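Inspection log for the structure reproduced underneath, given as structure tokens.
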Amino acid sequence: MNDMTPTSAERAEKLEGMGCKRKRVEDVRFTQGKGNYVDDLKLPGMLYGDLVRSPHGHARVKKIDTTKAAAVPGVVAVLTAEVLKTVNLAWMPTLAGDVQMVLADGKVLFQNQEVAFVVAESREAAADAVELVEVEYEALPVNVDPLKAMTDGAPMIREDLKDKPDGAHGKRKHYNHVFSWAAGDKAATDAAFAKADVTIREFIVYPRVHPCPLETCQCVASFDKIRGELTLWGTFQAPHVIRTVGSLISKIPEHKIHVIAPDIGGGFGNKVGAYPGYICSIVASIVTGRPVKWVEDRIENLSTTAFARDFHMDMEIAATKDGKVTAMRCYTIADHGAFDACANATKWPAGLFSIISGSYDFPAAYCLVDGVYTNKAPGGVAYRCSFRVTEAAYCIERAMDIMAQKLGMDAAEFRLKNLIRREQFPYTSAFGWQYDSGDYHTAMNKAMESVDYKKLRAEQKAKREAFKRGETREVMGIGVAFFTEIVGAGPSRACDILGIAMFDSAEIRIHPTGSGICRLGTKSQGQGHETTYAQIIATELGLPADNIMVEEGNTDTAPYGLGTYGSRSTPVSGAATAMACRKIKAKAQMIAAYMLEVHDDDLEWDVDRFRVRGNPERFKTMTELAWAAYHEVPPGMEPGLEAINYYDPPNFTFPFGAYICVVDVDVDTGETKVRRFYALDDCGTRINPMIIEGQIHGGLTEAFGIAMGQEIHYDDDGNVTTASLMDYFLPTAVETPHWETDWTTTPSPHHPIGAKGVGESPNVGGVPCFSNAVNDAFAFLGSTHIQMPHDHWRTWTAAEKLGLHG
Ligand code: CDP
């Protein structure tokens with residue numbers, strides 16, 4: 001060793017492994033307009049599909065006449081349900097075990113439902129012909145109110161289920177009922193409520209919202225009649241699932257289906273499932289023998305593909321006089337729209353909603369969810385959350401504030417009194433989830449200190465007095481939210497989708513020169529996977545991250561996996577990556593021992609090399625070992641250096657966070673200014689702090705949009721009134737507040753690198769924090785709960801109801 005020899009720390013830094021704020025490698029192409037999205041794909045002879053959609057929310061389809069449309073120059077085919085029936089594809093299975101019409105079969109059940117599919121030589125010709133498909137409708141009574149769905153005489157949405165007493169999840173109690181699902185201990189909970197000192201009850205609605213990715217859903221289907229093979233390019237968050245389900249539906253053998261998800265411009269849960277547009281494109285390609293492209297427009301995306309939330313929650317908490325929670329109970333009506341196309345693990349029809357006891361030590365808890373059909377679009381996806389966790393976090397965090405208000409306690413103090421303590425982990429909740437690790441009090445106290453919580457409350461007190469004296473028309477709100485997420489679906493014993501267990505995978509191949517490729521069953525939609533998986537490998541194998549190529553989204557080359565949603569990539573495929581690396585490292589160690597003529601156990605790992613214990617001058621670097629793996633393996637050993645791991649996690653991971661928001665609300669205009677937003681996140685071991693910060697910024701911006709203005713709204717006739725970005729609030733840089741981010745690190749004890757997911761945390765924690773802030777602004781005037789979204793009009797209306805306008 002001389003002075004010029006880099007130290008271990010210097011060598012580690014050069015690798016740009018875990019903990020490094022490595023710049024996103026994918027941005028080189030994205031920032032130069034060189035991304036490769038589905039709509040960039042142009043194949044010889046490609047046709048374009050476009051959908052005829054229902055103007056009615058509920059109507060019988062008496063007749064469809066396609067004569068005029070078929071006569072438009074350039075139109076090649078017009079598909080209807082009758083055509084699809086000839087190939088047995090008029091209906092398709094949903095991920096939730098229900099069935100869904102591909103094209104209207106006798107009835108339409110929601111506005112903009114798919115009725116016919118026109119295929120033409122150009123997009124323009126297809127669009128022209130869509131206008132000329134003549135459909136005779138007979139309007140039927142509409143119901144868009146989930147609370148009325150199970151009343152006597154409510155319009156029957158699903159005539160196909162009329163005589164079916166059972167659904168995919170057991171007995172149905174009404175013709176518009178989808179399922180009942182309960183969790184927790186009802187008797188113990190009822191008993192705790194019966195002897196409670198203090199109880200609160202509030203009806204809390206999480207409105208219907210939409211993930212609204214910048215790139216809409218789209219695909220290109222190309223069927224090769226000679227080979228009998230289908231290639232499907234699409235905006236798929238879960239390509240392998242699309243291949244398997246596609247094979248089961250179409251009966252095309254799975255090895256003859258090639259699913260490719262190229263670059264994706266945001267998914268947020270919107271691109272998990274299968275849509276009628278995909279099926280129509282496939283059938284159209286089979287019928288015409290030519291590739292067919294289908295691209296949704298914005299209105300179609302917002303009004304037909306995969307909504308989120310629409311949970312209507314009757315929430316109760318019981319507590320002692322001195323503020324210790326003793327029980328919680330929640331009855332929820334979940335509006336699933338016309339078909340149950342929710343994306344949940346099969347055993348969990350209401351997702352992981354039973355995380356609703358949140359971060360608090362509830363001795364008893366119970367929840368019951370009824371899913372219902374209405375005349376709205378299907379979906380119910382996990383919009384940047386793990387299967388209904390966002391709904392749960394919103395509900396418990398609002399309810400905790402309402403209880404604190406009733407007890408006359410400070411919202412943060414009340415939380416500190418009830419948060420699960422560090423020494424209680426691993427903690428089993430009253431619903432049976434085992435939270436892997438947490439240090440909630442440290443996080444909450446750090447958040448409070450960082451914003452100088454006491455000073456903020458003092459300022460608020462002074463402002464409230466000034467308001468009462470008539471010196472200001474502004475009220476100040478401080479929102480506190482503490483959330484626990486459950487991500488990393490999932491352990492196969494708990495999670496499957498249509499019987500496919502929810503493991504995930506990584507396959508790593510190290511080339512002779514020490515560079516390599518890693519292929520995974522996940523699929524980035526902007527999360528930076530090409531950057532971060534390489535960082536895990538860099539640290540695990542001691543090879544520079546720049547030398548590792550990460551590839552996802554091609555079912556022919558990637559190992560089988562369940563895709564990316566619900567922040568599962570890091571907890572599951574991140575773990576698979578580390579485990580595959582460890583197999584490679586074990587082989588490299590044997591090669592090193594052979595080359596250095598020592599026993600395996602005499603070697604120790606040092607950043608990027610194996611060195612002889614007690615004799616560090618004798619070593620073999622990983623790059624040297626990669627070369628040796630192809631040239632100099634010990635006798636009897638297979639050459640090559642690669643490994644694959646299918647990782648079935650032993651548990652979910654439970655990231656958490658403490659968020660604090662300060663707002664000023666003008667009671668005369670309803671205008672709400674977000675003065676501060678502080679977000680502390682704990683996602684265990686941090687792979688790339690810069691990417692994490694970006695994930696938090698993005699998720700908080702979505703949370704801001706949801707809490708302050710988003711709603712997919714239907715009028716009583718079933719018209720969706722928010723189907724364009726003129727009416728659906730998508731925040732831009734102009735409205736978006738400044739974010740202050742912070743962290744603590746509590747590794748997951750069961751994850752190979754201690755990492756938990758992070759992508760969806762800010763959406764989960766952000767929404768209740770904003771809502772608590774707006775609600776807190778009015779709490780001193782006797783208001784307990786103002787429903788989201790907190791747009792100016794609704795906030796003004798709340799002020800009006802409180803008599804603030806004279
Ligand atoms: O499944 P999805 O990619 O949406 O979510 P995730 O696993 O939470 O990861 C989102 C991004 O944050 C990925 O690029 C991860 O590698 C990164 N991340 C990180 O750097 N450290 C963590 N502990 C968790 C995620």
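Treat the numbers as computed from the prediction; the structure is a model and nothing was measured. Both counts, for ligands and for their atoms, begin at 1 and track the order of listing.
Taking the six-membered ring for Trp, F425 and F654 have ring centres at least 6.0 Å apart. Aromatic pair Y360/F482: centroids not less than 6.0 angstrom apart. A ring-centre distance under 6.0 Å is not found for F311 and Y206.
Between S569, A534, G563, S573, it is S569 that holds the heavy atom closest to atom 1 (O) of ligand 1. Among I692, T531, V758, T685, the residue whose heavy atom lies nearest to atom 23 (N) of ligand 1 is T685. Of the options N688, I696, I687, the smallest heavy-atom separation from atom 21 (N) of ligand 1 is shown by I687. Between the choices M18, Q527, R22, R686, the shortest heavy-atom distance to atom 13 (C) of ligand 1 belongs to Q527.
Closest to atom 25 (C) of ligand 1, if we only count protein heavy atoms, is T570 OG1, 3.3 Å. Atom 10 (C) of ligand 1 has Q695 OE1, 3.6 Å as its closest protein atom, hydrogens excluded (heavy atom only). Of the protein's non-hydrogen atoms, H529 NE2, 2.7 Å is the one closest to atom 3 (O) of ligand 1. Nearest protein heavy-atom neighbour of atom 17 (C) of ligand 1: I691 CG2, 4.0 Å. At the shortest separation from atom 5 (O) of ligand 1 among protein heavy atoms lies S567 CA, 3.4 Å.
The proximity of T564 to ligand 1, defined as any non-hydrogen pair under 4.0 Å, is limited to the side chain. At a heavy-atom distance under 4.0 Å, no atom of E760 approaches ligand 1.
Applying the side-chain contact (heavy atoms from CB on, under 4.5 Å) test between K756 and each of I486, D436, T570 identifies D436 as the sole match.
In this structure, C683 counts as a contact residue of ligand 1, since one of its heavy atoms falls inside 4.0 Å of the ligand.
Each of the following atoms of ligand 1 lies closer than 4.0 Å to a heavy atom of G757: 8 (O). Here is the list of ligand 1 atoms found below 4.0 Å of a heavy atom in T532: 13 (C), 14 (O), 15 (C), 16 (O). Those atoms of ligand 1 with a heavy atom of K756 less than 4.0 angstrom away are 22 (C), 23 (N), 24 (C). Atoms of ligand 1 found under 4.0 Å from any heavy atom of G759, numbered from 1 in the order shown, are 8 (O).
Look at R493 and D648 and you find no salt bridge, because none of the NZ, NE, NH1 or NH2 atoms lies under 4.0 Å from a carboxylate O. Checked for salt-bridge contact, R29 and D263 meet the test: a charged N lies under 4.0 Å from a carboxylate O. Look at K583 and E540 and you find no salt bridge, because none of the NZ, NE, NH1 or NH2 atoms lies under 4.0 Å from a carboxylate O.
The N/O atoms of R568, backbone and side chain alike, include one that comes under 3.5 Å of an N/O atom in ligand 1.
Side chain to side chain, E507 and S505 fail the donor-acceptor criterion of an N or O pair below 3.5 Å.
In terms of modelled atom types and a separation under 3.5 Å, the side chain of T653 and the main chain of V487 share a donor-acceptor contact.
Aromatic ring orientation, F770 versus W739: perpendicular (interplanar angle above 60°, classes split at 30° and 60°). A tilted orientation is assigned to the rings of Y560 and H240, their planes being inclined by 30° to 60°.
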